[in-house]
**Student:** 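Mind looking over this structure? Questions follow.
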Amino acid sequence: MPELPEVETLCRQLRKTIVGHTLLNTRTLDEKLENFSELENHQVISVTRRGKNLLLSFDNGRVLVIHLRMTGRLLWQEENGATPNYTRFIMTFPHGRIFFIDPRRFMTITWERTFPVQCGPEPLPRIDPAYMTGRGKNRKGPIKTFLLDQTVIAGISNIYACEILHLAEIAPMRPVCSLDAQQWQRLLSAADAILNKAVKCRGTSISDWRDFNGQKGTFQNELRVYGRDSLPCPRCGATVVRCSLGGRGTYFCPECQT
DNA sequence: CCCTATGTTCCCAA
DNA sequence: CTTGGGAACATAGG
């Protein structure tokens, strides 16, 4: 669930809350995660985002890279309260603490030395279409799968890929190399529009996504195809279809997406 | 019991 | 070397 807009939302909230503050204590509650006590008593210098990764820089030169994968969440708590279920890691600051929550335990927390992962360019601001035609040359696979490839573009996953292709009026199964210049243009404009709007909405709370304060986002109210199979397409009225591409649920309008 | 789920990485085959 | 398909990771919910 956490894609670029969700991670960007957390990034901004985290930045406002912890930059300039000293990390007093860390606690690892999952043996899959390392011990990070080396960061204790060091100040947070910056919080940034790269694709779906959150980067926390500390004043000892270390950078922590957090990836939430499928079900990871970060939750801020100022009052001393109960530890939420599935908490895997805790960071305590003078004015509150951060719970790293993850039922499925896919979340990763690593040092900078394992970074940069191969990460394509950020879709915001808009990517140059020439880059996409270059990368997409000779690619026979479906455009939707291509959009999910983090080494091509950083930060897009299933929900936003479906929404972007719908706005761009491009069918998800179209071979990458079949897109013309105008379609690449439309695709990149659509990515820019959808992702910007989703950031403004603080993400899509279709199941368990919550922001740093436990609040839902609102982009689920803006979805035009994702999760809407057998409902009418908001643009042309035809029935939205669900199919499987690369093993993932894919929603599109067979009428106006070509 | 079965199937599905938001992401990534690894293995393998063409 | 590149590309693409599928399984694996761990768990909850319908």
Side-chain angles (χ1 to χ4, degrees), chain A residues 1-10 28-34 49-54 65-74 84-89 100-110 114-120 123 132-165 172-179 194-195 198-199 201-211 216-223 225-230 242-252:
Chain A
M1 162 149 304
E3 307 185 33
L4 185 152
E6 288 77 21
V7 179
E8 178 64 21
T9 298
L10 281 177
T28 302
L29 300 167
D30 181 346
E31 69 285 350
K32 280 176 71 179
L33 299 174
E34 283 178 59
R49 180 189 60 76
R50 181 75 181 90
K52 301 170 196 168
N53 300 276
L54 276 174
V65 181
I66 300 159
H67 195 301
L68 301 170
R69 305 284 175 126
M70 307 266 267
T71 51
R73 289 178 50 196
L74 300 184
N85 276 346
Y86 310 118
T87 297
R88 310 298 181 188
F89 186 65
F100 292 63
I101 303 166
D102 187 15
R104 286 174 67 179
R105 303 169 65 210
F106 286 158
M107 175 169 58
T108 54
I109 308 175
T110 51
T114 63
F115 209 77
V117 223
Q118 320 237 22
C119 238
M132 297 300 287
T133 46
R135 291 294 306 257
K137 214 184 300 172
N138 308 327
R139 290 289 205 115
K140 198 71 184 100
I143 180 64
K144 192 217 172 195
T145 307
F146 193 63
L147 290 180
L148 301 186
D149 184 341
Q150 301 301 298
T151 68
V152 173
I153 305 185
I156 296 174
S157 291
N158 211 29
I159 297 175
Y160 297 109
C162 291
E163 294 298 309
I164 288 165
L165 287 167
M173 61 289 288
R174 278 281 299 281
V176 175
C177 57
S178 76
L179 298 205
I194 295 278
L195 295 172
V199 168
C201 290
R202 296 180 357 275
T204 304
S205 291
I206 209 161
S207 56
D208 50 9
W209 158 250
R210 298 292 184 279
D211 71 9
K216 289 186 177 189
T218 59
F219 197 76
Q220 63 277 15
N221 303 321
E222 313 292 329
L223 296 175
V225 283
Y226 186 84
R228 295 178 49 82
D229 50 315
S230 72
R242 180 192 188 278
C243 69
S244 185
L245 266 190
R248 342 194 70 85
T250 300
Y251 302 86
F252 69 105

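All of these numbers come straight from a predicted model, not from anything done at the bench. Letters go in sequence order (proteins before strands), and every chain restarts at 1.
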**Student:** Give a yes or no on whether the backbone of Phe219(A) and the side-chain of Thr204(A) come within a donor-acceptor separation of less than 3.5 Å.
**Tutor:** no
**Student:** How about Arg50(A) and Val65(A): do any of their side-chain heavy atoms sit closer than 4.5 Å?
**Tutor:** no
**Student:** With side chains defined as the heavy atoms from C-beta onward, is the minimum distance between Tyr86(A) and Arg73(A) less than 4.5 Å?
**Tutor:** no
**Student:** Where the side chain of Arg88(A) meets the backbone of Asp102(A), is there a donor-acceptor pair that is under 3.5 Å apart?
**Tutor:** yes
**Student:** Going by heavy atoms in the side chains, are Leu10(A) and Leu68(A) under 4.5 Å from each other?
**Tutor:** yes
**Student:** Hey, where does DNA chain B pair up into stems, meaning at least three consecutive Watson-Crick or G-U pairs with distances under 3.5 Å?
**Tutor:** B:2-5 with C:11-14, B:7-14 with C:2-9
**Student:** With Arg242(A), which residues qualify under side-chain hydrogen bond (donor to acceptor under 3.5 Å, both in side chains), at least two apart?
**Tutor:** Tyr251(A)
**Student:** Can you say whether the rings of Phe89(A) and Phe100(A) are parallel (under 30°), tilted (30 to 60°) or perpendicular (over 60°)?
**Tutor:** perpendicular
**Student:** Quick one: list whatever passes side-chain contact (heavy atoms from CB on, under 4.5 Å) with Leu29(A), sequence neighbours left out.
**Tutor:** Arg27(A), Thr87(A), Ile90(A)
**Student:** Need one value for Tyr226(A): base, sugar-phosphate or nothing, where a base atom within 4.0 Å counts as base even if backbone is also close, heavy atoms only.
**Tutor:** sugar-phosphate
**Student:** Look at all strands and tell whether Glu6(A) reaches a base, only sugar-phosphate, or nothing, counting heavy atoms closer than 4.0 Å.
**Tutor:** nothing
**Student:** N/O contacts under 3.5 Å, protein versus nucleotides 4-6 of chain C?
**Tutor:**
unit_1: dG4(C); atom_1: OP1; unit_2: Lys140(A); atom_2: N; d: 3.1
unit_1: dG4(C); atom_1: OP1; unit_2: Gly141(A); atom_2: N; d: 2.7
unit_1: dG4(C); atom_1: OP2; unit_2: Arg139(A); atom_2: NH1; d: 3.0

**Student:** Can you list the residues that meet the side-chain contact (heavy atoms from CB on, under 4.5 Å) rule with Arg248(A), with sequence neighbours excluded?
**Tutor:** Lys144(A), Leu148(A), Asn158(A)
**Student:** Identify each atom pair where a protein N or O and an N or O of nucleotides 10-14 of chain C are less than 3.5 Å apart, giving names and distance.
**Tutor:**
unit_1: dA10(C); atom_1: O4'; unit_2: Arg104(A); atom_2: O; d: 3.2
unit_1: dA10(C); atom_1: O3'; unit_2: Arg105(A); atom_2: NH1; d: 3.4
unit_1: dA10(C); atom_1: N1; unit_2: Arg104(A); atom_2: NE; d: 3.0
unit_1: dA10(C); atom_1: N1; unit_2: Arg104(A); atom_2: NH2; d: 2.3
unit_1: dA10(C); atom_1: N3; unit_2: Arg104(A); atom_2: NE; d: 2.9
unit_1: dT11(C); atom_1: OP1; unit_2: Arg105(A); atom_2: NH1; d: 3.2
unit_1: dA12(C); atom_1: OP1; unit_2: Tyr86(A); atom_2: OH; d: 2.9

